[in-house]
Amino acid sequence: MINETHNRSHQISQRERSLFWIVALITVFQGWNLAGLRIPVELLNLLFSLLAFSLLFIPLQDSGENEIKDNFKRLVRFPIFWLGLFLFAYIFVQAINPSQTYYVSNDTYWRLKPSDHIAWLPHSVESPYSLMNPWREMLYKVNFWLIACVLWVGVRRTQLCRKLLWIVSVNACVIAIFGTAYAYMAPESSFYFGILGDREVQSGFAGFVNRNQASMYLYISMAAPIFLLVSCFQKLNQVLDDDHMNSPMAILVLLAVIPFVGTLMAQSRAGSGIALFMIATGFVLLLTYSSSIKHWMILAVTVVIIGFAGKKLYYSDHFIDLYHRFWELQNGRALESREGVIQGTKEMFKAEPLYGHGAGSFRFVYSRFHDGELHAWWRYTHNDFLQHFAEYGILGGTVWLAILCSWLYLAIKAMRMQLRKGAIMLAAMLAVLIHSCLEFPLYTPSTVILLSVVLSSIYMIINAEARKKPFR
C-alpha cells in the first residue's frame, strides 16, 4: 500500500499532462504567428488559453479527492490572478463608457467625435476592432494572464517545467536558423508575403511582422537554455567525472548561441544589445563554478561559435545594415522622431492623468498632441510604461505596473533561494523591462506569453528544488 501511494505521487496526472501539452503548443505557436497581432491568431490563442484554464477545474478520471479544491486555493493565492481581474474590470468599464467615437469623414482620413459618457468613470475611444480598441487590448492581456495562472496552478512538476524550457530552446533555435536562412535566400521577401504589407515584409524576420518583435522573442528564449546549462554545471560539480560525457551541455550552448546570432540577423538595435546582455549573463554565471577541463572546453566552444558567427556577420550585408542602424542612432536620426513621440505622449497623459484615454486609444488620440505630421500615425510610443499610463491613467497603469513588479518580486525571491539560477530569471525580466523603455515588448502578445512561460517554469523548478519536493 505504501509503495502504491509512493508510485502514484510520482505519476503525472492526466490533467497536468494535458495542460503541459496545451501550454507547449501555445508556446511554439507564438514564434510562428506574426507575433500574435492578427485577429485569427488572437482568437486561437484565446481558445487554447481558455481550454487550459478550464481544465484546472474539470473533474477527470484520475483526479484526486481534493485536487480541484487545491487548485482553486492555489489560484486565489496568486497575486497576479487578482491584479489581472481588477485590470480587466477596469478595461471593461473603459470599453462600455466611450467618450469619443472614431469615424471616417469625407474630407480627411478619420476623426474623433465626442460621445455621451459618464465623466467620473474610466472612458475610452469607440473604434473598430480590426484597428484597435479596448476589447482587443484586453484580449492581449487576458491570454498572458490565463497562461500565467495555468502554469502557476496546474504545471508544477519540475520534470514538465524542464521539458517546457527545452521546447522553448529548440523552437527559438529553429526560428533563428529559418529566419537567417530566409534572410540570405530571399532578403526582399517574407515567409508570410501574402499576408504582410510591403513595409512589414522589409522589416520582418521569420514568423514575425517586425524585427524588434523577433528579437524580443529570441532573447527571452535564450533564458531557457542558459538556465538549463547552469543547471548542468551545478549538477556536474556534484557528481563523478565519469558522468560528464552524458551531459547535454554542448547542445545547450548551441541552443543559446544560435538565437543570439538570430537577433543580430534580425537587425534590431536594442534587441541585439539586450541579447548580448543575456549571453554575457550566462557566461559570467558559468565562470563562477569551479569547473573541470571539460567545462572549460564547453566555454571555449561558445567563444569560438560566437567569434565565427561574428566574422561571418562582419562581412555580410546584414552586419553592414545593422552597423548603419546603430550609426543612425549615434547621430540622433532615429532618436529625433521618437523624442517627439514621447513628448507628445507625455502631453497626452497630462490631459487625462487619472483614467487615461482608454486601452488601445494611443493611435487615435495621439494625433491631437503630436509635434509635426511625421508623428501622427505612430502605433507605439516606443516606451511601454509611458504609453500604458497615457492609455490606462494612473489607476489602471499602476495595476499593470504591479503585475510586472509581481514577476520582479518572484525573480528576486528565486535569487534568494538559488543565486545563480534566480539571476537568470531576474536577467530575463530586467531585459524586458529595459527594452520596454525603448520599444514595445509589453504590447506584443507573443512576447508577454513567452515571458510568462519562461519565468513560471524557471521559478517552479527553483522553488521545488529549494523545498526538495519528492516528485522532481
Side-chain angles (χ1 to χ4, degrees), residues 12-13 15-31 48-49 52-53 55-56 74-75 78 80-81 143-173 216-232 234-235 248 252 255-256 259 278 281-282 285 404 406-415 417-418 420-432 446-467 469 471-472:
I12 299 176
S13 66
R15 185 193 313 279
E16 195 164 4
R17 194 181 301 276
S18 301
L19 291 174
F20 165 78
W21 284 114
I22 293 174
V23 173
L25 177 63
I26 293 173
T27 303
V28 172
F29 185 52
Q30 298 315 303
F48 283 112
S49 300
F53 188 80
L55 276 176
L56 294 174
R74 186 171 177 83
L75 181 64
F78 188 34
I80 292 177
F81 170 74
N143 288 330
F144 153 76
W145 175 76
L146 287 173
I147 293 300
C149 291
V150 166
L151 288 168
W152 184 264
V153 176
V155 184
R156 303 197 301 273
R157 294 175 186 262
T158 58
Q159 175 187 353
L160 296 181
C161 291
R162 287 193 180 93
K163 287 182 179 179
L164 273 178
L165 293 179
W166 272 99
I167 290 172
V168 168
S169 305
V170 173
N171 188 52
C173 188
M216 297 166 196
Y217 187 94
L218 292 174
Y219 72 67
I220 293 174
S221 299
M222 286 168 60
I226 291 173
F227 177 85
L228 294 171
L229 191 58
V230 169
S231 299
C232 285
Q234 179 176 313
K235 182 178 180 181
L252 289 170
L255 293 178
M278 291 297 298
T281 299
L285 289 173
L404 299 177
S406 297
W407 282 116
L408 196 59
Y409 166 77
L410 290 175
I412 295 172
K413 184 178 177 182
M415 280 191 67
M417 290 187 283
Q418 295 196 40
R420 295 182 180 92
K421 293 181 178 179
I424 301 169
M425 181 178 177
L426 181 62
M429 189 66 204
L430 289 177
V432 173
S446 60
T447 300
V448 292
I449 290 176
L450 177 67
L451 181 67
S452 176
V453 172
V454 171
L455 295 182
S456 297
S457 300
I458 291 177
Y459 182 82
M460 290 300 176
I461 293 172
I462 294 174
N463 187 54
E465 289 177 347
R467 295 189 177 190
K469 294 285 187 180
F471 45 75
R472 255 184 277 169

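- Residue pairs that meet the side chain to side chain donor-acceptor pair (under 3.5 Å) test with at least one member in residues 219-229, sequence neighbours left out, are Tyr219-His435.
- The main-chain N or O of Leu165 is found under 3.5 Å from a side-chain atom of Ser169 such that the two form a donor-acceptor pair.
- Looking only at side-chain heavy atoms (C-beta outward), Ile449 and Thr27 stay at 4.5 Å or farther from each other.
- Side chains of Leu455 and Met429 form a contact here, defined as non-hydrogen atoms less than 4.5 Å apart.
- Scanning both residues, Ile462 and Gly422, for their nearest heavy atoms gives CD1-N, 3.6 Å.
- In this structure, SG on Cys173 lies 5.0 Å from CG on Leu255, to the nearest 0.5 angstrom.
- At a threshold of 4.5 Å between non-hydrogen side-chain atoms, the residues Met417 and Tyr459 count as touching.
- Applying the salt bridge (Lys or Arg N to Asp or Glu O under 4.0 Å) test to pairs two or more places apart or on separate chains, those with a residue in residues 16-25 are Glu16-Arg157.
- With a 4.5 Å cut-off on side-chain heavy atoms, Ile458 and Lys421 do not count as touching.
- Considering OG1 of Thr447 and CG of Leu218, their distance stands at 10.0 Å, rounded to 0.5 Å.
- Side-chain atoms of Trp152 do not come within 3.5 Å of backbone N or O of Ser456 as any donor-acceptor pair.
- With sequence neighbours excluded, no residue satisfies ring pair (Phe, Tyr, Trp, His ring centres under 6.0 Å) with Phe29.
- The two residues Thr158 and Ile461 make their nearest non-hydrogen contact at CG2-CA, 3.7 Å.
- A distance of 9.0 Å separates CE of Met425 from CG of Leu408, quoted to the nearest 0.5 Å.
- Annotation: the span from Ile80 atom CD1 to Ser406 atom OG amounts to 5.0 Å, rounded to 0.5 Å.
- Considering only heavy atoms from C-beta on, Val23 stays 4.5 Å or farther from Leu160 through its side chain.
- Counting heavy atoms from C-beta outward, Leu252 and Trp166 have side chains that approach closer than 4.5 Å.
- Of all heavy-atom pairs spanning Met460 and Cys161, the tightest one is CB-SG, 3.6 Å.
- Across all their heavy atoms, Ile167 and Ala24 have their closest contact at CD1-CB, 3.7 Å.
- Distance OG/Ser446 to CZ/Phe144: 13.0 Å, rounded to 0.5 Å.
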Candidate pair Trp145 and Cys149, rule side chain to side chain contact (heavy atoms under 4.5 Å, CB included), full reasoning: CA-CA 6 Å; Trp145 175 76; Cys149 291; 3.9 Å; yes
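- Met278 has its side chain out of reach of Ile220: every pair of non-hydrogen atoms, C-beta onward, lies at least 4.5 Å apart.
- Note that the CG atom of Leu451 and the CE atom of Met216 stand 12.0 Å from one another [nearest 0.5 Å].
- Across Val230 and Leu285, no two heavy atoms sit closer than the pair CG2-CB, 4.3 Å.
- Residues Leu19 and Leu56 are in side-chain contact: their nearest non-hydrogen atoms beyond the backbone lie under 4.5 Å apart.
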Ile22 and Val150: CA distance, side-chain angles, deciding distance, side chain to side chain contact (heavy atoms under 4.5 Å, CB included) verdict: CA-CA 10 Å; Ile22 293 174; Val150 166; over 6 Å; no
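- Between Trp407 and Phe78, the ring-plane angle classifies as perpendicular under the 30° and 60° cut-offs.
- Heavy-atom minimum distance, Gln418 versus Ala466: NE2-N, 4.2 Å.
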